[in-house]
Amino acid sequence: MIQTEEHAETIFDQLGVRPIINACGIYTDLGGSVLSPRVWAGMEEINRRFVNMPDLLDSSGHALASMVGAEAARATTGAAAAITLGIAACVAGDDGDNWERLPDTSGMKNEVVIQRGHRYKYDRCARMAGVKLVEAGDEAGTTRDALHSTMSANTAAVLFPGHLNGKPGTLLLEETIAIAATNRVPVFVDAAYLNFPPEKMRSLASSGADLVCFSAKYYGGPNSGGFLCGRKHLIEAFAGLDFTRYESGRYRTFGRPFKLDRYTIVGIVFALKEWMAMDHNARWESYKSKVCLIIQKLSGISTVALSPGYFTMDERLLHEPINCLRLTPLAGTTFTAQDIAKELADGDPSIAALVIDDQLVVAVDTVLDGQETVIANRLLQILESTV
Ligand SMILES: *Cc1c(COP(=O)(O)O)cnc(C)c1O
């Protein structure tokens with residue numbers, strides 16, 4: 001929610017930290033997401049009451065499952081936690097002694113298979129559950145035979161980063177699911193940002209993958225939220241080893257450090273509800289109008305080339321749909337995109353923008369209403385002073 005200026009100053013002064021205008025996009029290091037007033041109101045309301053957490057986890061899980069059309073679901077402290085705990089569920093199953101022993105996985109199925117071309121930043125979160133990652137295939141790619149033969153009696157799951165589906169040299173999700181099924185191995189899909197159009201979430205949930213996780217930071221939920229959905233028996237295993245009943249139950253479960261607040265759970269559910277019902281065309285239109293405003297304000301500047309663009313979730317620059325401004329210093333100018341980014345960052349308020357190759361990229365997905373004018377004015381000031 002947008003704070004009032006006086007209020008913001010007090011908080012930032014008290015904490016000794018500067019607010020930033022985020023023109024980079026959804027990055028955890030910049031705070032991730034912004035909660036809508038309606039989501040915030042729901043979180044605020046539950047903050048005023050206590051609830052039984054296992055009950056809230058069950059009922060919110062039902063709500064999440066029904067929205068994406070999964071058998072079952074469970075809120076988590078983000079997609080990274082969903083990977084660790086979901087893999088833990090595949091490893092430990094419904095055995096309480098196993099929940100307690102993790103991350104010591106001796107005697108359990110403790111290998112997670114991943115295609116060589118699928119190695120990515122978050123596969124480390126699977127290892128946190130005490131498993132070893134085993135690569136299928138090599139630099140040349142992964143064949144069906146390679147995936148098949150990498151699985152053994154020790155394989156707990158196949159980890160599949162959904163955003164890499166279709167990457168050259170890798171097997172498609174449906175092929176992977178088919179091969180894993182013949183080995184009776186569950187497939188875990190990290191679909192952290194595969195939420196648009198919302199129908200995509202439903203199609204992933206019903207793809208035949210056994211577990212699918214999403215991050216709430218990408219759909220307007222809490223930066224520390226997400227959920228795991230999929231097969232009922234795996235979600236039940238996950239529920240068994242999560243953070244509840246650590247004090248009151250029989251087992252010192254593995255999931256205790258991945259604790260959720262009740263208002264985070266509400267944020268995860270309410271934001272998904274909003275995301276499913278949102279007018280996404282209007283959302284994209286608002287990005288476009290912010291970009292157009294900045295371009296228009298800078299129309300008198302002759303030292304840079306300006307164009308609208310699309311900064312993708314996997315950090316590529318394309319043309320459409322529009323969610324960013326691309327600014328390139330022309331040949332013969334004495335400043336670089338990096339120089340401008342530094343001046344933006346050093347100013348007050350600090351503006352965080354991206355530099356990609358020789359371009360300054362101003363991504364507006366996370367630019368709050370009105371901040372585009374601040375960005376435009378600052379760019380104008382910086383560019384005029386460099387003439
Ligand atoms: C952000 C991200 C995650 C981690 O999600 P959190 O909700 O921040 O824990 C996992 N996988 C991918 C692909 C992501 O982009």
Side-chain angles (χ1 to χ4, degrees), residues 22-36 68 76 78-83 114-115 117-125 159-168 170 172-173 188-205 207 209 212-229 268 271-272 274-276 278-288 290-291 307-326 352-357 359-368:
N22 176 8
C24 294
I26 298 168
Y27 288 100
T28 288
D29 287 2
L30 290 171
S33 52
V34 176
L35 302 161
S36 77
V68 296
T76 66
I83 296 169
I114 186 166
Q115 297 184 54
H118 278 177
R119 294 303 306 269
Y120 77 126
K121 279 181 192 164
Y122 292 95
D123 61 31
R124 189 261 179 281
C125 299
L159 176 59
F160 193 108
H163 55 283
L164 298 180
N165 193 16
K167 184 182 166 185
T170 64
L172 292 172
L173 179 60
F188 184 115
V189 179
D190 173 1
Y193 60 76
L194 303 181
N195 59 20
F196 185 76
E199 191 48 50
K200 175 134 198 133
M201 300 177 88
R202 283 190 274 267
S203 76
L204 281 160
S207 62
V212 182
C213 72
F214 296 98
S215 175
K217 73 183 182 225
Y218 292 124
Y219 63 73
N223 189 36
S224 61
F227 68 96
L228 181 68
C229 64
I268 291 165
L272 184 63
E274 242 178 34
W275 182 256
M276 291 288 181
M278 188 177 287
D279 179 349
H280 287 279
N281 286 333
R283 180 169 67 85
W284 286 103
E285 277 305 312
S286 88
Y287 300 158
K288 189 173 171 181
K290 282 174 180 157
V291 171
S307 63
Y310 174 36
F311 183 57
T312 67
M313 296 298 295
D314 55 352
E315 303 182 304
R316 289 170 301 137
L317 273 175
L318 306 175
H319 294 289
E320 285 196 308
I322 294 161
N323 70 348
C324 76
L325 163 75
R326 304 165 65 159
L354 298 148
V355 176
I356 297 175
D357 302 326
Q359 298 173 54
L360 180 83
V361 175
V362 176
V364 299
D365 318 43
T366 43
V367 168
L368 307 183

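The ring-ring contact (aromatic ring centres under 6.0 Å, His included) test applied to Tyr193 returns His163, Tyr218, not counting sequence neighbours. Judged as a side chain to side chain contact (heavy atoms under 4.5 Å, CB included), and not counting sequence neighbours, the contacts of Asp279 are Asn281, Ala282. Legend: residues meeting side chain to side chain contact (heavy atoms under 4.5 Å, CB included) with Arg202, ordered by chain and number and at least two apart, are Glu199, Met276. Residues forming a ring-ring contact (aromatic ring centres under 6.0 Å, His included) with Phe227 (at least two apart in sequence, or on another chain): Phe214. Scanning for salt bridge (Lys or Arg N to Asp or Glu O under 4.0 Å) contacts around Asp357 gives an empty result, with sequence neighbours left out.
Put simply, the side chain of Phe311 reaches to within 4.5 Å of the side chain of Leu317, judged on heavy atoms. No side-chain heavy atom of Pro161 sits under 4.5 Å from any side-chain heavy atom of Tyr122. Side-chain contact between Val68 and Leu204: absent, with no pair of heavy atoms (C-beta onward) separated by less than 4.5 Å. The shortest distance between side-chain heavy atoms of Tyr287 and Ile322 does not fall below 4.5 Å. Side-chain contact between Leu228 and Phe188 is present, with at least one heavy-atom pair separated by less than 4.5 Å. Taking 4.5 Å as the limit, some side-chain heavy atom of Leu173 sits within range of a side-chain heavy atom of Ser207. Between Gln115 and Phe160, some side-chain heavy-atom pair lies under the 4.5 Å cut-off. Considering only heavy atoms from C-beta on, Asn323 comes within 4.5 Å of Trp284 through its side chain.
Heavy atoms only, all atoms of each residue included: Pro222 and Leu35 are closest at N-CD2, 3.5 Å. Between Ala363 and Leu354, the closest heavy-atom pair is CB-CD1, 4.4 Å. When all heavy atoms of Ile114 and Arg119 are compared, the closest pair comes out as CG2-CD, 3.6 Å. The two residues Ala205 and Val212 make their nearest non-hydrogen contact at CA-CG2, 4.4 Å. Residues Leu318 and Arg326 share a closest heavy-atom pair of O-NH1, 3.4 Å. When all heavy atoms of Pro308 and Val291 are compared, the closest pair comes out as CB-CG1, 3.9 Å.
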(request) Dump the intermediate steps for side-chain contact (heavy atoms from CB on, under 4.5 Å) on Leu159 and Asp123, then the final yes or no. (result) CA-CA 8 Å; Leu159 176 59; Asp123 61 31; 3.9 Å; yes

(message) Working note: Trp275 + Phe196, criterion side-chain contact (heavy atoms from CB on, under 4.5 Å); need CA distance, chi angles, decisive distance, verdict.
(response) CA-CA 9 Å; Trp275 182 256; Phe196 185 76; 4.1 Å; yes

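For the pair Asn165 (side chain) and Gly162 (backbone), a donor-acceptor distance under 3.5 Å is absent.
Applying the side-chain contact (heavy atoms from CB on, under 4.5 Å) test between Cys324 and each of Val361, Leu360, Ile356 identifies Val361 as the sole match.
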Acceptor/donor pairs from residues 26-33 side chains to any protein atom, 3.5 angstrom cut, sequence neighbours excluded:
from: Tyr27; atom 1: OH; to: Glu315; atom 2: OE2; distance (Å): 2.6
from: Ser33; atom 1: OG; to: Gly221; atom 2: O; distance (Å): 2.5
from: Ser33; atom 1: OG; to: Asn223; atom 2: N; distance (Å): 3.2

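In this structure, NZ on Lys290 lies 14.0 Å from CG on Leu325, to the nearest 0.5 angstrom.
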